[in-house]
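Remarks on the structure that follows.
No experiment lies behind these values; they were computed from the predicted model shown. By convention here, the first residue in the shown sequence is residue 1.
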Amino acid sequence: MALDSSKFLKCYGYDMLLGSIAAFYVITVPYTKVEESFNVQYDHLEFPGVVPRTFIGALLVSSLASPVILLLNLLHVPKLYGLVAVRLALGCIILSTLRLFRLQVRDKFGHQVEAFFVILTALQFHLLFYCTRPLPNILALGVVNLAYAFWLKGKVYAALNCLIFATIVFRCDILLLLGPLGLELLLTKSISLWETLKCCFWFALFCIGLTVLIDSIMWRRLLWPEFEVFWFNSVLNRSSEWGTHTFHWYFTSALPRSLLAAFPLFMLGVLLDRRVLLFVLPVLSFVLLYSKLPHKELRFIISSVPVFNLSAAIAASRIYNNRKKAFWKLLYFMMPGLLLISLGCTTITFMASYENYPSGHALKSLHQLGHLANRTREQWVHIDTFSAMSGISRFCENDFPWRYSKEEGIPEGELCLRKFTYLITEHPTVHGFKCLFTVDGFSKVRLQYGITPISLVRKPKVYVLGNTRNEDVMHRNWPGCS
């Protein structure tokens, strides 16, 4: 029995570690934001968003989670547990593909590099936090992880096909990774141009046909979602309407925050092992090319993290092996410090992220505090645009007597006439309504003197207001607003 347990831990111990951390993030921060809503809410005809997205990933994840969802529905548990189940299912898919990549890391670079790869990944926040979030970037990440695994294994045509699938179906920007990788493989004579065209052309047509078939049915019009995304972002260049950053932002902000200790180590790894240079160059080119797009978000380049972690793990392994030599001794003493800094930064980032879904917490508190004895009277809640974008999804809703509206563009003076029982809004005052309580959200990180040099600054983000004409609401005791 002990031998079986030891064998199980040897095979799946690393997966259990990373999976446990990802599951912790899901359970403690179950809410989703607006960019995640499409893949979980299926209200795309009512709220289509700026650009259409494919249903293929959502269908895959929902099929995997459907038995659990069916059981939860039979047990009449809150809908939010269904969202948790779906996110855990997605996390299992992404971490399974990361496992395949990790096993190839072990086969090519050894058990010690594999161990450091897991340690560095576990101490980072963003990869494990995002791996359960139903974003197109994360669905693409799963396929890119497969491409990395095939690449390390030497199955380069399979790797290219994986990237083609990710580009055509999930994220057209993966083309910025596919291009540099294909060019490197051609220059190193790992592939031939004719064989590549013959192998990949028909697969690309299949992928286009698949997404057009499924998504045209779901969207009720002839559609290739990622082509429309490409046209919107690259041809029309309208993504900048959602904010811009400087060219170097990925290298000076996003990568240091996502990689933490792995950031300096990955640069060292490129110098220490020539083998890893061929793996890092296409991924580095991907980030460099993406930097030309003015609108930048960390999640856009999250698929680069596994390869950078590989380079960092190689550097950490080399430092450990040479720890008794004079020059390496200093690096060896610095490495635990870097890992502790990573742990501290991850803890702070998690605490900030926990506070980053204020409207989800607000609706949960309203359900608890606004539960009336008279359950025959309908409780009508209006959710404004900010609240719908910062944590509230259909999974947060309860059954009768609760009713919800996300109608946009209602003039403030008309809200009272609509006879809403409650408002969940970013505005502290609305005519005809009284502030019942507020929910704070993350504002910024502040440096200070003391035992804890860093503190999180919170400020009111969401206000729950009650209709002053509703006596049942006004006669209850509420926390009030400061």
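At a threshold of 4.5 Å between non-hydrogen side-chain atoms, the residues Met334 and Leu330 count as touching. Counting only heavy atoms from C-beta outward, the side chains of Ser291 and Lys296 approach each other to under 4.5 Å. Inter-residue side-chain proximity for Ser258 and Ile302 is flagged as unmet; no heavy-atom pair is nearer than 4.5 Å.
Of the inter-residue distances, the one linking Ile93 atom CD1 with Leu98 atom CG reads 14.0 Å to the nearest 0.5 angstrom. For the atom pair Leu90 CG and Ser62 OG, the distance stands at 11.0 Å (nearest 0.5 Å). Residue Thr167 holds its OG1 atom at 5.0 Å from CG of Leu178, rounded to the nearest 0.5 Å. In this structure, Thr121 OG1 and Ile21 CD1 are separated by 9.5 Å, a value rounded to the nearest 0.5 Å. We find the CG-CG distance between Leu120 and Leu310 to be 10.5 Å, quoted to the nearest 0.5 Å. Separation of atoms OG (Ser393) and OH (Tyr31) is listed at 9.5 Å; rounding is to 0.5 Å.
For the salt bridge (charged side-chain N to carboxylate O under 4.0 Å, His left out) with Arg53, the lone residue among Glu228, Glu226, Glu35, Glu36 that qualifies is Glu226. For the side chain to side chain contact (heavy atoms under 4.5 Å, CB included) with Phe247, the qualifying choice from Leu288, Leu293, Thr252 is Leu288, the only one to do so.
Between Ser303 and Leu141, the shortest heavy-atom distance links the atoms CA-CD1, 3.6 Å. In plain terms, the two heavy atoms of Ser359 and Gly391 that are nearest each other are OG-N, 3.2 Å. Here the closest heavy-atom approach between residue Leu123 and residue Leu260 is recorded as O-CD1, 3.8 Å. Between Phe109 and Phe279, the shortest heavy-atom contact is CZ-CE1, 4.2 Å. Across all their heavy atoms, Phe300 and Asn137 have their closest contact at CD2-ND2, 3.5 Å. Minimum heavy-atom separation, Cys162 to Ala147: CB-CB, 3.7 Å.
With hydrogens and angles disregarded, no donor-acceptor distance shorter than 3.5 Å links the side chain of Arg171 to the backbone of Ala140. Judged by distance alone, with hydrogens and angles left aside, the side-chain atoms of Ser253 form no donor-acceptor pair with the main-chain N or O of Trp249 at under 3.5 Å. Between the side chain of Asp273 and the backbone N or O of Gly269 there is no donor-acceptor pair closer than 3.5 Å. The backbone N or O of Ile314 lies less than 3.5 Å from no partner atom in the side chain of Ser317, so there is not a single donor-acceptor pair. Using a distance-only test at 3.5 Å, with no hydrogens or angles considered, a donor-acceptor pair links the side chain of His361 to the main chain of Tyr354. Using a distance-only test at 3.5 Å, with no hydrogens or angles considered, a donor-acceptor pair links the side chain of Trp224 to the main chain of Ile168. With Arg318 contributing its side chain and Leu272 its backbone, the two residues share a donor-acceptor pair below 3.5 Å. A donor-acceptor pair is defined here as one N or O able to donate and one able to accept, closer than 3.5 Å; such a pair exists between the side chain of Asn39 and the backbone of Pro134. At least one donor-acceptor pair under 3.5 Å links the side chain of Ser304 to the backbone N or O of Ile301. Looking only at distances, no side-chain donor or acceptor of Arg99 sits under 3.5 Å from a matching main-chain atom of Asp15.
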Next item on the list: Could you check Gln112 against Asn321 for side chain to side chain donor-acceptor pair (under 3.5 Å), going step by step and ending with a plain yes or no?
Entry: CA-CA 10 Å; Gln112 192 167 283; Asn321 289 337; 2.7 Å; yes
Next item on the list: Go through the steps to decide whether Glu426 and Lys461 satisfy the test salt bridge (Lys or Arg N to Asp or Glu O under 4.0 Å), and finish with yes or no.
Entry: CA-CA 6 Å; Glu426 63 177 323; Lys461 292 278 189 175; over 6 Å; no
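In this structure, Tyr25 and Phe129 have perpendicular ring planes: the angle between them is above 60°, well past the 30° mark. Aromatic ring orientation, Phe24 versus Phe350: tilted (interplanar angle from 30° to 60°). The aromatic rings of Phe165 and Phe170 sit perpendicular to each other, their planes meeting at more than 60°, with 30° as the lower class boundary. Below 30°, between 30° and 60°, or above 60°: for Tyr130 and His126 the angle between ring planes is below 30°, a parallel geometry. Note on ring orientation: taking the six-membered ring where Trp is involved, the planes of Phe101 and Tyr148 are tilted (angle from 30° to 60°).
The number of heavy atoms from other shown groups lying within 6.0 Å of NZ (Lys155) does not exceed 12.
Annotation: cation-pi geometry satisfied between Arg323 and Tyr320 (NZ/CZ under 6.0 angstrom from ring centroid, within 45° of ring axis).
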